[in-house]
Amino acid sequence: MSQDCAFANCLLHGLNKPMENASVAVFGKQGIGYRTCWQLLYLWSLLRKRAKLDSDVKHLNEMWVEVVKKVRDANSQWRKLAEQCMPQLLKEFLDEIKTLEARIE
């Protein structure tokens, strides 16, 4: 490996290390066996990718709508909290659900 490549590698590592240190300080250690927001995002992404491979997108949308209907309709405490804390996001969320339902029908 040339000196330029080694130097570039050190520069890239040096730029990423502060982000890594801040992330560990705030969220704790990462990776398998740790329950952090990064692990949750990774697992969610992996689940969606695998679901898309195993079935068509229409089927994935149908499953999503069914889960959301149960949360939206059956859990009034969740709905009240969402209306209090984030009314604009709740409206956007419900609009997105209507869009998905229209695609399925």
First locate atom CG of Leu46, then atom CG of Leu41, and finally report the distance between them rounded to the nearest 0.5 Å. 12.5 Å
List for me each residue that meets side-chain contact (heavy atoms from CB on, under 4.5 Å) alongside Leu47, sequence neighbours excluded, and say none if there are none. Trp44
Are Glu92 and Leu89 close enough that some pair of their side-chain heavy atoms sits under 4.5 Å apart? yes
Take atom CZ of Phe93 as the centre, draw a 6.0 Å sphere, and report whether it contains more than 12 heavy atoms from other residues, nucleotides or ligands. yes
